[in-house]
Amino acid sequence: MEIPSKSPVLLVSLLFSSMFLPLSIHAICNPNDKEVLLQIQEAAGNPSDMVSAWNLANDCCSSWAINCNSDGRVTYFFAYRSNQDFELPSSIGNLEFLQSFTFVGLHGLIGTIPPNITRLKYLEQLAIYECNLNGTIPNFLGQMKSLKRIDLNSNQLSGSIPRSLGYLLNLTELNLYGNKLTSHIPKSFGLLKNLETLMLSSNQLSGSIPRSLGNLKLNSIDLSLNKFKGDASFLLGADKTSLGIFYLRSNKFSFNFSNVEIPSSLSGFDVSFNKIYGSLPPSITKPFYEDAFNVSYNSLCGPIPNGLQYLDDAESAFIGNKCLCGSPLPPC
């Protein structure tokens, strides 16, 4: 069956999700697993997209949106687009061989993540995004040691980030973008040695960044649109050879930028609307910024190094500073 058309973001997310899928082997769907899927589908109001994709009237293991192992046990399912209010049934914990599931765009999905989910001892990917989950991120997620990816972006989650998430030592991605989270980043996050992607933007987080995060080998970090303060320069450095995305826009970070070493691996760099001072370091010209570059609206001074004139709308990337000068701004 042809997958219905989706937005580019949804397509990218679906492709990323597929990285966690086992090789699909056609087998007859286990009746207990099929019953759980029926309960989820009925709770969601039997939306046409889900009914069509899951094809539970026939053998669910033959669906493009469901994968099974050779014994017919469900290992993955994908669901999208439903507006009827419903909560995730606790029976999801009965899908004992589940390795990955994705809910996206189910705007009627409310409530919290049920505790029974901790029974899923093989779960590697938990992805519930662009839904309306509310309440707090449950502390019991820290018990799920097999998790590699948690994506709860664009929900209505509030409260603090549980310290227990820092004990998920297999975690490679944590995306909590676009919620209503408060408090600070737990110090335990410094234990996440396999973490590659940390997305916490568009929340109400505050406080200082734990220095232990400087020991991680991140590929992408986005802390934009929060209320963080203090130093963040230790997240950069010549040794951060895998760092590609570094976004701190619209916070209250304050540190001397003059001697910070910018890794040449960066493709996106945005520290605009902070309180960063000093001068632009010479290493700022090493990367080729394909995705973004912006240091505007800080307290930076001194000449802009040569080598950044290729930037689109270059002037806007530097304006609003204390005394930056030189092309593309007025001469020093």
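Numbers here simply count residues along the sequence, with the first being 1.
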Of all heavy-atom pairs between [X] and [Y], which one has the smallest distance, and what is that distance?
X      : Y      : value
Gly142 : Leu165 : N-CD2, 4.4 Å
Cys131 : Asn155 : C-OD1, 3.1 Å
Gly166 : Leu191 : O-CB, 3.6 Å
Leu168 : Ile150 : CD1-CD1, 3.8 Å
Ile185 : Leu223 : CD1-CD2, 4.3 Å
Cys29  : Lys34  : SG-CB, 3.9 Å

Within the side chain of [X], is there an N or O that forms a donor-acceptor pair under 3.5 Å with the backbone of [Y]?
X      : Y      : answer
Asn203 : Asn179 : yes
Asn226 : Leu200 : yes
Asn298 : Ser296 : yes
Tyr129 : Tyr177 : no
Ser52  : Asp49  : no
Ser299 : Tyr277 : no
Asn170 : Lys145 : yes
Asn294 : Ser272 : no
Ser63  : Ala53  : yes
Asn175 : Asp151 : no

Under 6.0 Å from the [atom1] atom of [X], do we count more than 12 heavy atoms belonging to anything else shown?
X      : atom1 : value
Asn259 : CG    : no
Lys187 : NZ    : no
Lys121 : NZ    : no
Tyr122 : OH    : no

Could you tell me the separation between the [atom1] atom of [X] and the [atom2] atom of [Y], rounded to the nearest 0.5 Å?
X      : Y      : atom1 : atom2 : answer
His184 : Phe189 : NE2   : CZ    : 9.5 Å
Ser327 : Asn306 : OG    : CG    : 8.0 Å
Leu133 : Ser158 : CG    : OG    : 11.0 Å
Leu192 : Leu218 : CG    : CG    : 9.5 Å
Ser201 : Ile221 : OG    : CD1   : 10.5 Å
Leu329 : Glu315 : CG    : CD    : 6.0 Å

Can you confirm whether [X] sits close enough to [Y] that some side-chain heavy atom of one is under 4.5 Å from a side-chain heavy atom of the other?
X      : Y      : answer
Leu126 : Phe101 : yes
Leu266 : Phe246 : yes
Lys180 : Gln156 : yes
Leu176 : Asn153 : no
Val104 : Phe78  : yes
Leu308 : Leu311 : yes
Thr102 : Ile128 : no
Pro328 : Ile304 : yes

Under a 3.5 Å threshold, yes or no: a donor from one side chain and an acceptor from the other, between [X] and [Y]?
X      : Y      : answer
Asn215 : Ser212 : no
Asn69  : Thr75  : no
Asn219 : Thr197 : no
Gln125 : Ser100 : yes

Q) Yes or no on salt bridge (charged side-chain N to carboxylate O under 4.0 Å, His left out) for Glu96 and Arg73, after CA distance, side-chain angles and deciding distance? A) CA-CA 8 Å; Glu96 56 185 298; Arg73 305 307 301 266; 3.4 Å; yes
Q) Is the ring centre of Phe77 less than 6.0 Å from the ring centre of Phe103? A) yes
Joint hydrophobic cluster, [X] plus [Y], side-chain heavy atoms closer than 4.5 Å:
X      : Y      : answer
Ile92  : Leu147 : yes
Tyr167 : Met144 : no
Tyr247 : Ile209 : no
Ile245 : Leu225 : no
Leu195 : Leu169 : no

Q: Could you walk me through whether Ile113 and Leu152 pass the side chain to side chain contact (heavy atoms under 4.5 Å, CB included) test, one step at a time?
A: CA-CA 11 Å; Ile113 299 171; Leu152 300 174; 4.2 Å; yes
Q: Take the angle between the ring planes of Phe318 and Phe293 and call it parallel below 30°, perpendicular above 60°, tilted in between.
A: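 Correct class here is tilted.
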Q: Could you check whether the rings of Phe253 and Phe228 sit parallel, tilted or perpendicular, using 30° and 60° as the cut-offs?
A: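 If you compare the ring of Phe253 with that of Phe228, the planes turn out parallel.
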Q: Output yes when Lys286 and Glu261 qualify as a salt bridge under the 4.0 Å nitrogen-oxygen rule, no when they do not.
A: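 Glu261 and Lys286: salt-bridged.
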**Q.** Electrostatic pair Arg211-Asp231, nearest N-O below 4.0 angstrom
**A.**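 Salt bridge between Arg211 and Asp231, a charged N being under 4.0 Å from a carboxylate O: yes.
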**Q.** Cys68 and Cys61 SG atoms under 2.5 angstrom apart
**A.** yes
Q.
Please determine whether side chain to side chain contact (heavy atoms under 4.5 Å, CB included) holds for the pair Glu290 and Phe288, giving the CA-CA distance in whole Å, both sets of side-chain angles, and the decisive distance to 0.1 Å.
A. CA-CA 6 Å; Glu290 297 179 81; Phe288 182 77; 3.3 Å; yes
Q | Candidate pair Asn134 and Leu157, rule side chain to side chain contact (heavy atoms under 4.5 Å, CB included), full reasoning | A | CA-CA 5 Å; Asn134 51 49; Leu157 296 166; 5.8 Å; no
Q: Check the pair Leu181 / Thr136 against side chain to side chain contact (heavy atoms under 4.5 Å, CB included), numbers first and verdict last.
A: CA-CA 8 Å; Leu181 300 171; Thr136 60; over 6 Å; no
